Enquirer: 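The structure that follows is given in the form of structure tokens.
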Amino acid sequence: MIKTTVPPDSSCSDMGEPSINKETREQSMTETKETHMDKGKPVDENNFKPVVNAEMIKTTVPPDSSCSDMGEPSINKETREHSMTETKETHMGPAEELRTETKKPDQTETEKEMITGSKILFDRLHLKRSKDHKLTAADVLQISKHSLQSNESCAEEELIQTFIQKLLMMDYRARYITVRDPTEQDLIQERHDDSSECECDIFEEMFMSNEETNQSGQIHSMDVQMAVFHCADGLLKQLMVTKLSQCQYALPLLVPDPDRQQIEFPLWTFRQIHKSWKSRNTNNEIISQTQPIYKAETPMVFFFRFGSVSSSKSQLMNSLINEKHNTFFHRNCPGSSRTRVLMDGVVEIAWYCPSGTNDDKFTECVAFCNLHGDAGDHEKQLQILTEMASVNVVLLPQLQKNDERMIKVQELYKDSKPLIFLLTEKASTLIKTRQGKYNIGLKDRNQSDVSEELRRAINVCLSESSSTFRLEDVSKHSDIRVDVEDDEDDCRRGREAAQHMMSLLEKKELTEIKESFLPHQGKLWHQWSQKNKELHRPQGDDLETDISRKHTEIKKLRQQQHESDISEFMKIFITEMNSDATNKIFFPKWLRIVLDEYTSGDLSALHHKYNEKWSTVLQLKEKHDKPEQLKAEQTKLEKISEELQNATFGVEHIMREIGQIYESCSSVKKNKKDLKDFSSLPSLAAEMMISGFPLELMDGDAAHVPVIWISAVLDELSKKLGDQRVFVLSVLGIQSSGKSTMLNAMFGLEFAVSAGRCTRGAFMQLVRVSDEMKKQMNSGLNNMKTESNFDYILVVDTEGLRALELAGRSTRHHDNELATFVVGLGNLTLINIFGENPSEMQDILQIVVQAFLRMKKVRLNPSCVFVHQNVSDITAGDKNMEGRRRLQETLDEMTKLAAKEEVCNVERFSDVIRFDVQNDVKYFAQLWEGSPPMAPPNPNYCENIQDLKKTIMCHASESHGTRLKDFKVRINDLWEALLNERFVFSFRNSLEISAYRKLETQYSKWSWRLRSAMLETENKLHNQIENEAIHEVKETDLHRELKTTSEEVKKSVSEFFEKDADANILIQWKTSFDIKIKELQESIVRETKRKLNEILNQRDLKKEIDAQRTHHENTLFEKSKELALNRKDKANDEETLKKEFDLFWKQWMKLISRDTPTIKDIDIMRDMREILSDNYESINADHQKDKRDILSVQSYSDYVQLKKSSEFFTEACRVVKNLVGRSLSKDDQAQIRSLVNDVVQQTDIMIQSFNISKMGYNISYIQQLIDYIKSRVTEHEEGHVKYVFKNEFFVDLVLSICKRANDMITEQHGMFKEANDPELYVKKKREEYYSIFQKYCSWGKISCHFW
């Protein structure tokens, strides 16, 4: 042990000062003892005495006269030594007082003084404790001028608002706010006489006490916290304590009521808090746990003191939990003062959560409780906590044996429960006095040594004790009031309703609950979502039939959804939310709490199971030698992933179920049998949004927006709030980059942030803008003669992009689709990036930009701010100007590339998404100040949040926002456009799209080489069939004919993928295109074989029909004889003849149809779409309703984009475009019209050359036409023209020409069909055979006269 000459107690910050000799110290201590004995005023553990009258509160004193001269003007060595000894003696005073057995003041009188002091405090803070004037969560969560300020000091009247706003941002400096006094001059108090002649006594000036200057009227920081606590309603209390927990602060456990001195236990405030920790099991494996803290069973260590002591108990506890953070507020914290009103008798609790490393101070989660004030004055708190504790730790001064407090000490010592004495007047090290009993001296000892000894003693005691503490059990003690849950009827009714719902889930498997109780959002909804996407992206040979079939299937799915019963679970929820009771806020809160409690255990186990299986899969992937085992383990991983998805169950799923109940009823236009009026459901959701609950905007599991439901909710919001304007703020980022945490800190929201409950899909939440803030924003816009009139910020939080493969659901397509949706919705989007490298988000933004350029019908005006999270260098913003420049260049380059692909007049990223590289790039410090789970949030992070918030409000003040009705329309239009877009979302970035389009062009060439080679083979074989040189066509023969061309194509494919400049990008598609070409070749061979063999069959059947003419005539003759014999009188009756002949003809045609298939009708437009989608996938040709007849348009201006020859020209074009729109000269118009007319003429000639009337129709003809049109368009662009064609020109030209050619090709195909279809061939001879039949019947009648 290292002995120090000055006690390292927290009363004096003189570490490192020159030592004081023993004689001087003793003399000084004696003087100060006498001073305290004269005053007769003992102080508490922090050397503070509770305020007992108004006069003491209002006096002015230096913040901590017991502390050293830190921050004060320097004093010479002699003066410093004297003041240090005075301070030290001040702390020795309480022990001396106890030895003289000073009589305690009357308890009733003390309570009266406490009530008086608390009333004065509330008045100074402008707070009222009456039920009608409670602070509410709605009050503090709105955007106000206070929410944009970030001051370390403020005026006294602003203390409450400043504290609350800092706390909502998770800024732990909320406890350190100081009062700014305008009368002070640099915080230096002056007493001087201007007379230079005056005689002065240096001793009197320096050391004589002056009551006017040695006391402070500063309000204690913990009084500010507890004043807010006492004056807050239940919801704000819960929010406040949740934020205190996030700041890693101790939380109020037992709180004396300042008016009645009744002890309150605020159990409600702990209901939302979860703690996570890691510990090791008996096999030394790390086990992760996350539990609702009110349910967690942990050991508990209880700290208290008797009398007044020189050492700070709270500071000592901090050294055990986190020496770098003041978990428990103590006397040396900023904001501390000599006087405090509301903390005496308060018990605070904090938890130490281990991280599973060797640095852990305790190997399991341990609760620490701290009783403020003299335990002898708070017997009820002492009794409860000593009984519940696993280990008791008591700080003791030197007490007389007959002191009444020694009686209680004696009782504790005799009890079997472990007890540790911290003796302030002893200097001994750790001593074990008997089993479970330890002494540790504090006097003149280094605090780190004391802390280490205390930690060892506690660990030994915990290892010998099996008792655990559970927060909920505190409510079982009598004479305490469970705050909110006992007091508020709304809270109690909400809890009862939530528990009633949960009783229905008892003995149910968690993974099966959603399927059983929420059937409307299960398989039927997922199937509907998939079918709806397919409906917008039709494929196949017969699009009209496919679309019609999809519509039928969708209606059927909605009908099945509607037929599903509403579970009893959902009925209770709907009934409660539709009731007139005022518990509508508490009820969903309670439901969230009990659902979290219900699911947390199973979810933790499933996550642990998933992580273990994921590790196994990774190990197998690295080995590469066990593919079968790898596949089996991946299947198991997928199963666990599905279980995780099924086990995640919260209020958001209940609201999703309500949404699907509404959509199913709305679709079939009738109520369900268990639902009186489905139209009331959107009102329910709207009320929840107004109350501060988030609403699911995009279903994260189905990856679909329930547009009908969202539209209905927004309509109800408009009815309830008026058609308010909202500023839509969305956030986008990679998974676990801190998006939800950032929003929660910025606006005090409660989006899910834990690893087990990350956001899925997208959620929206309303944040109100105060009237005061609107006036302030409007005053700033007066010069612009406009008005920023939005009333809410609508915050849209999204799931993380590039997520791990949970249930195989998160794909690149989904990420790109979600990103485009979110950026398109927002007036401003925060692009959240973890670290300084934005490469991942740049890729996604390229897709977003290209998607916006393709979605021309949706009017969008998005903007963005880049937020770099976890940047350790606080000067990164200044140093990284080069990084910003590169970011700007990258964004602009990828925008140019996208614009080139989509033929748009766009030069810069900011032309599509507004962005200012100077002001819209933010750098955030890392979130945690240290290593979780015990690290508090970083104050620098909170400052960054505040800076970003100001930037957002600056953007908002320049915006008119969006009316709720317009926002509804925007959601509908944007989602419809996303459903129609199926191409760009499959790519990583614009470079990939560009490379893929190059690959499309090559594929078109390869496919045509195969088709044209087979067409030649087909023509050759067709001639041989006509010449009867062959009698069967085999696939092997066709493959042999195609072999040379096939090998050439394969070689060309390999060379392209190997030698192209984008080979590294293209390689990802090589396998799929190899398969695609192989399948195309197989398809061509199969189709050619079918067609030629049909021609062979038709030829043979016609020959057979002709050869059997005599046979059929004989048959008709026999029929006529039979008719004459059976119906002599009607043999010549026309009707009878016709009827008998029709019967004969029908049977004969049936035989012909059976022997050979009929030549099918053709669909030119269908084949055109098939070729375009196969060879030009990037061009959307599915929706003919959007296309125009290019052969009849008056102007081609909308089809072109002027070429860019220089920067000046580009800017000029942009200006001209904005002023007069796009325009072409008469010469340009004539050039294009000439091109169109020539292409039409040439395609007519090509169609005639196909000789379809003789050879029949082949889909290859359509590809030949399309490829010809493409080559002519490209050739024209590369000539001496000032423009390039947009994709729409090519598509509309192909469509118009194919529509025009449809009649010509169909007519020629009809001629071929007539000439070659046996059935048609026979049908043409029908009248001829009927005449023969009539003739035979006449002969038969004559013959009958001779028989």
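We're numbering straight along the sequence, starting at 1. The structure displayed is predicted, hence computed values, not measured ones.
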Enquirer: Please state whether the rings of H1022 and F1312 are parallel, tilted or perpendicular, taking 30° and 60° as the class boundaries.
Expert: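 Plane angle between 30° and 60°, so tilted.
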
Enquirer: Do N1023 and E1026 come close enough that some side-chain heavy atom pair is under 4.5 Å?
Expert: yes

Enquirer: Would you indicate whether the side-chain heavy atoms of V1294 and V1291 approach each other to under 4.5 Å?
Expert: no

Enquirer: Is it the case that the side chain of T1243 and the backbone of V1239 share a donor-acceptor pair, with hydrogens and angles ignored and the cut-off at 3.5 Å?
Expert: yes

Enquirer: Taking C-beta and beyond as the side chain, do Y996 and D1062 meet within less than 4.5 Å on heavy atoms?
Expert: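 Counting from C-beta outward, Y996 and D1062 never come under 4.5 Å.
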
Enquirer: Tell me, do T1017 and T1088 make a side-chain contact under 4.5 Å, heavy atoms counted?
Expert: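 T1017 vs T1088: side chains apart.
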
Enquirer: Measuring from T1045:OG1 to L1010:CG, what's the distance to the nearest 0.5 Å?
Expert: 7.0 Å

Enquirer: In Å and rounded to the nearest 0.5 Å, what is the CD1 to CD distance from I554 to Q530?
Expert: 10.5 Å

Enquirer: Parallel under 30°, tilted from 30 to 60°, perpendicular over 60°: which one fits the rings of Y1196 and Y1199?
Expert: tilted

Enquirer: Kindly indicate whether the side chain of Y1261, heavy atoms from C-beta on, has any atom under 4.5 Å from the side chain of L1015.
Expert: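 Side-chain contact under 4.5 Å: yes.
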
Enquirer: With side chain to side chain contact (heavy atoms under 4.5 Å, CB included) as the test, pick out the partner of T1274 among H1276, R1272, E1278.
Expert: E1278

Enquirer: Say you draw a straight line from CD1 of I1269 to CD1 of I1297; how long is it, rounded to the nearest 0.5 Å?
Expert: 4.0 Å

Enquirer: Output, in order, the C-alpha distance, side-chain angles, deciding distance and verdict of side chain to side chain contact (heavy atoms under 4.5 Å, CB included) for Q1308 and F1250.
Expert: CA-CA 10 Å; Q1308 292 191 18; F1250 294 153; 5.8 Å; no

Enquirer: Please determine, by modelled atom types, if H536 and E976 share a side-chain donor-acceptor pair under 3.5 angstrom.
Expert: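 Side-chain D/A pair, H536 to E976: present.
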
Enquirer: Looking at side-chain heavy atoms only, is the closest gap between D1037 and R1040 below 4.5 Å?
Expert: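 Counting from C-beta outward, D1037 and R1040 do come under 4.5 Å.
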
Enquirer: Short question: side chain of S1234, backbone of A1230 - any donor-acceptor pair under 3.5 Å?
Expert: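 A pair under 3.5 Å: no.
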
Enquirer: Less than 4.0 angstrom from a charged side-chain N to a carboxylate O is my criterion; do R1090 and E1087 meet it?
Expert: yes

Enquirer: Between CD of Q1002 and CZ of F1057, what distance do you get to the nearest 0.5 Å?
Expert: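 Result: 9.5 Å between the selected atoms.
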
Enquirer: Looking only at heavy atoms, which two atoms of D1292 and I1190 are closest? And how far apart?
Expert: O-CG2, 3.9 Å

Enquirer: Below 6.0 angstrom between ring centroids: does that apply to W1006 and F1073?
Expert: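 That pair fails the under 6.0 Å test.
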
Enquirer: Write down the atom of Q1194, the atom of Q1229, and the distance for their closest heavy-atom approach.
Expert: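 Between these two residues, the closest heavy atoms are O-OE1, 4.4 Å.
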
Enquirer: Answer yes or no: is there a donor N or O on one side and an acceptor on the other, between the side chain of S1046 and the main chain of L1042, under 3.5 Å?
Expert: no

Enquirer: Any side-chain to backbone donor/acceptor pair from N1237 onto R1233? Under 3.5 Å, distance only.
Expert: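 Pair found, side chain donor or acceptor close to backbone of R1233.
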
Enquirer: So K533 and E817, side chain to side chain contact (heavy atoms under 4.5 Å, CB included) or not? Walk me through it.
Expert: CA-CA 12 Å; K533 287 187 175 182; E817 189 176 69; 3.3 Å; yes

Enquirer: Could you pull out the closest heavy-atom pair between W975 and V707, with the gap in Å?
Expert: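 Residues W975 and V707, closest heavy atoms: CD1-CG2, 3.5 Å.
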
Enquirer: Any ion pair linking K1299 and D1189 (charged N to carboxylate O, less than 4.0 Å)?
Expert: no

Enquirer: Do K1034 and K1089 touch side chain to side chain, with heavy atoms closer than 4.5 Å?
Expert: no

Enquirer: Treating S1004 as the side-chain partner and T1001 as the backbone partner, does any N or O pair qualify as donor plus acceptor under 3.5 Å?
Expert: no

Enquirer: How long is the span from the CG atom in L535 to the CD1 atom in I547, to the nearest 0.5 Å?
Expert: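 Rounded to the nearest 0.5 Å, the CG-CD1 separation comes to 6.5 Å.
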
Enquirer: Which heavy atom of V1053 sits nearest a heavy atom of I1077, and at what distance?
Expert: CG2-CD1, 3.5 Å

Enquirer: Tell me whether D1074 is salt-bridged to K1070, with the criterion being a basic N under 4.0 Å from an acidic carboxylate O.
Expert: yes

Enquirer: Does Q1231 form a side chain to side chain contact (heavy atoms under 4.5 Å, CB included) with Y1283? I'd like the steps, not just the answer.
Expert: CA-CA 11 Å; Q1231 270 185 332; Y1283 49 82; 3.2 Å; yes

Enquirer: Which value, rounded to the nearest 0.5 Å, describes the distance between L1191 atom CG and S1296 atom OG?
Expert: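 Those atoms lie 4.5 Å apart.
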
Enquirer: Go through the steps to decide whether V906 and F852 satisfy the test side chain to side chain contact (heavy atoms under 4.5 Å, CB included), and finish with yes or no.
Expert: CA-CA 12 Å; V906 170; F852 285 168; over 6 Å; no

Enquirer: With a sphere of 6.0 Å drawn around CE of M1246, does it hold more than 12 non-hydrogen atoms of other residues, nucleotides or ligands?
Expert: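 Above 12, so yes.
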
Enquirer: I need the minimum non-hydrogen distance between A898 and V849, along with the two atoms involved.
Expert: CB-CG1, 4.4 Å

Enquirer: Are S1225 and D1227 close enough, and set up right, to give a side chain to side chain donor-acceptor pair (under 3.5 Å), and what steps lead you there?
Expert: CA-CA 5 Å; S1225 67; D1227 290 342; 5.2 Å; no

Enquirer: Salt-bridged, D1267 to K1270, with N to O below 4.0 Å?
Expert: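 No, D1267 and K1270 are not salt-bridged.
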
Enquirer: Can you see which heavy atom on R970 is nearest to which on G824, and at what distance?
Expert: CD-O, 3.7 Å

Enquirer: Measure the shortest side-chain to side-chain distance between I1164 and I1262 over non-hydrogen atoms and say whether it is less than 4.5 angstrom.
Expert: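 Yes; the side chains approach each other to less than 4.5 Å.
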
